[in-house]
Amino acid sequence: MAIRQDDNRPNRRFGLVNLLLIGFGVLLLFSNFLPNPATQVPRVPYSLFIDQVNGDNVKRAYITQDQIRYELTKPPEEGAPTVLSTTPIFDMELPQRLEQHGVEFAAAPPKRPSFLTTALSWVVPPLIFILVLQFFARRSGMGGGAQGALSFTKSKAKVYVPDEESRVTFADVAGVDEAKTELTEIVDFLKTPQRYTEIGARIPKGVLLVGPPGTGKTLLSKAVAGEASVPFFIISGSEFVELFVGAGAARVRDLFEEAKKKAPCIIFIDELDAIGKSRSGSMGVVGGNDEREQTLNQLLTEMDGFTAQDKPVIVLAATNQPETLDAALLRPGRFDRQVLVDRPDLSGRKMILDIYAKKVKLADGVDLDKIAQATSGFAGADLANLVNEAALLAARVYRTKVEQADLNEAIERVVAGLEKKSRVLQPDEKKVVAYHEVGHAIVGHLMPGGSKVAKISIVPRGMAALGYTLQLPTEERFLNSKEDLEGQITTLLGGRSAEEVVFGEVTTGAANDLQRATDIAEQMIGTYGMSETLGPLAYDKQSGSRFLGGNSNPRRAVSDATALEIDKEVRGLVDRAHDRALAILNHNRDLLEAISHKILEKEVIEGDELKQLLASSRLPETPVLEGAVA
């Protein structure tokens with residue numbers, strides 16, 4: 001899409017005339033301060049003036065505070081000036097001396113300004129002010145923009161008009177097929193609104209795109225404009241609210257007025273929650289954002305005012321926090337259709353990788369299917385960044401094409417962070433890290449679930465990781481069973497358990513593992529109801545954003561006995577997982593030693609070599625408890 005440029009030649013001519021008028025006025029104003037050669041009088045020393053007075057050669061004198069101008073009786077030479085001036089000094093005897101020598105003296109009459117000077121002093125300053133004001137006012141409206149000094153009430157929306165070269169279509173968007181299907185109806189209505197109006201159908205005035213960051217909400221809106229070939233207004237919700245009271249509402253009015261002039265068109269408001277948050281939260285609170293509420297009210301009013309069905313204006317909006325929006329925005333007649341733009345599944349990730357892989361040079365044999373399988377949970381922006389990161393890695397080592405190893409390394413950089421080669425571990429620390437990571441790998445390999453160990457590394461990465469065990473999903477899963485979650489907890493505790501088995505003590509390296517294991521256990525008991533003792537009840541409140549990953553789930557108001565029982569259940573889950581990890585590592589102690597010694601030599605083990613090493617691991621036989629029923 002390209003930015004539309006309007007014809008500004010009349011505005012340019014107006015600005016040139018303004019500049020000429022301003023320059024002329026300034027010259028007239030400062031002309032009064034320039035010396036006039038016709039009125040200049042030769043200046044002589046004060047001593048010469050006294051000598052001429054004593055010589056009776058001064059006829060009359062006019063005395064002021066800054067100057068003494070006097071007229072000679074006769075000039076010393078023929079053609080010399082008869083009127084001279086001098087600078088006075090503090091001389092109390094001067095009047096007596098002038099009187100003794102018969103000099104006619106008096107104070108100089110006040111200088112009367114000319115008519116031109118008076119006219120200029122009254123006309124030029126207001127004229128300059130008016131011209132400057134008009135200049136900036138006209139400049140603020142040039143080019144259809146709103147960047148001038150007086151444009152705080154103008155809409156800051158950028159207007160794009162699709163062209164053939166830069167137009168974005170649905171072919172450029174992948175992984176969100178359901179959302180594209182919903183928006184195809186909007187495109188059809190913009191192209192042929194009569195087909196809907198003749199049957200009496202009413203197209204939604206507003207479509208709200210909701211989903212996690214980076215899933216392509218803005219790209220989808222541009223694709224709608226590109227498919228329909230209509231003008232596209234794009235603005236962020238934060239650009240409406242300004243320091244000036246009423247500026248946000250004025251910008252909303254200006255935006256819709258401009259959109260109606262270019263109808264049919266699309267208005268896209270990104271981050272709608274910046275102005276559309278619920279008003280109920282600020283009721284009765286001193287210091288509430290009244291300006292934001294006025295902007296929201298104006299937006300609601302404008303969306304109710306759409307009446308032209310032959311030239312429709314469709315409002316698209318995007319947000320990551322739909323739960324915070326005002327209920328008046330979501331009622332039928334405004335944003336009455338919500339389209340979920342979620343993270344892509346396996347096939348969606350493959351299509352997204354295909355799109356971005358066309359923009360770089362790939363080597364022969366690159367398998368994008370493996371990359372799609374290894375990037376579960378990645379959004380479209382994450383995959384675009386992944387491909388770009390791989391291209392940067394290839395260019396860094398002077399390769400002309402991106403290879404599979406570059407894409408694999410890019411995944412690790414995104415997941416685990418950059419390698420910290422400058423961080424040198426002590427030999428004893430390196431040994432602890434090696435056993436810790438191998439403990440994760442052995443336990444994780446034997447646990448059920450859709451993820452398998454793909455790499456073990458004791459090279460420090462990121463901000464705090466001294467080593468890491470990379471597990472990649474082998475299948476697309478959307479549900480986790482109780483057994484799967486218990487397996488995840490056991491895998492997280494595998495590193496700490498390996499330290500206990502080998503060294504008989506624990507270190508601080510398992511801090512993040514313990515945090516994650518405890519979170520999973522609390523969710524199993526308080527959120528998923530996976531406790532036989534407490535039953536299928538939810539003891540946590542689901543607060544926080546659905547798409548931004550709110551991490552605060554405070555407990556409901558429960559009795560002390562129930563809270564104690566919840567803590568016991570959580571502790572029991574973690575203890576059982578810990579015991580299970582210890583049993584697995586004790587049963588595979590020789591394998592733990594063998595892999596740890598090998599990784600201390602190589603620092604990284606992956607691929608087929610790691611598979612062969614882990615293939616010999618075995619689960620311990622579960623002992624039969626006394627009194628158990630067979």
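Bear in mind the structure is a predicted one, so any value in this text is a computation, not a measurement.
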Counterpart residues, ring pair (Phe, Tyr, Trp, His ring centres under 6.0 Å), relative to F378 (two or more places apart): none
Can you tell if the side chain of L493 reaches within under 4.5 Å of the side chain of V574, non-hydrogen atoms only? yes
Flag the pair L613 / K598 as yes when at least one side-chain heavy-atom distance between them is below 4.5 Å, and no otherwise. yes
Using a 3.5 Å distance criterion without hydrogens, assess whether the side chain of R349 forms a donor-acceptor pair with backbone atoms of A372. yes
Side chains of L614 and L610: does their closest heavy-atom pair fall under 4.5 Å? yes
Please identify which of these residues, V176, V341, D270, meets the side-chain contact (heavy atoms from CB on, under 4.5 Å) condition with L209. V341
Sub-4.5 Å side-chain heavy-atom contact between L299 and L272: yes
Answer with yes or no whether the side chains of T324 and D273 bring together a donor and an acceptor at under 3.5 Å. no
Would you mind checking if E302 and R253 are paired as a salt bridge, meaning a charged N to carboxylate O distance below 4.0 Å? no
Supply the atom-to-atom distance N408 CG to L470 CG, rounded to the nearest 0.5 angstrom. 9.5 Å
Tell me whether E185 is salt-bridged to R337, with the criterion being a basic N under 4.0 Å from an acidic carboxylate O. yes
Test side-chain hydrogen bond (donor to acceptor under 3.5 Å, both in side chains) applied to H440 and T469, D513, T491, the passing residue: D513
Short side-chain donor-acceptor distance under 3.5 Å, T507 and E499: yes
Using the ring of each side chain (for Trp, its six-membered ring), is H597 parallel, tilted or perpendicular to Y435, with breaks at 30° and 60°? perpendicular
side-chain contact (heavy atoms from CB on, under 4.5 Å), paired with K350, selected from T375, D345, D369: D369
Chi angles and distances behind the salt bridge (charged side-chain N to carboxylate O under 4.0 Å, His left out) call for E258, K261: CA-CA 5 Å; E258 293 296 324; K261 293 177 183 178; 3.6 Å; yes
Is there a side-chain contact between E483 and M447 in this structure, where contact means two heavy atoms from C-beta onward sitting under 4.5 Å apart? no
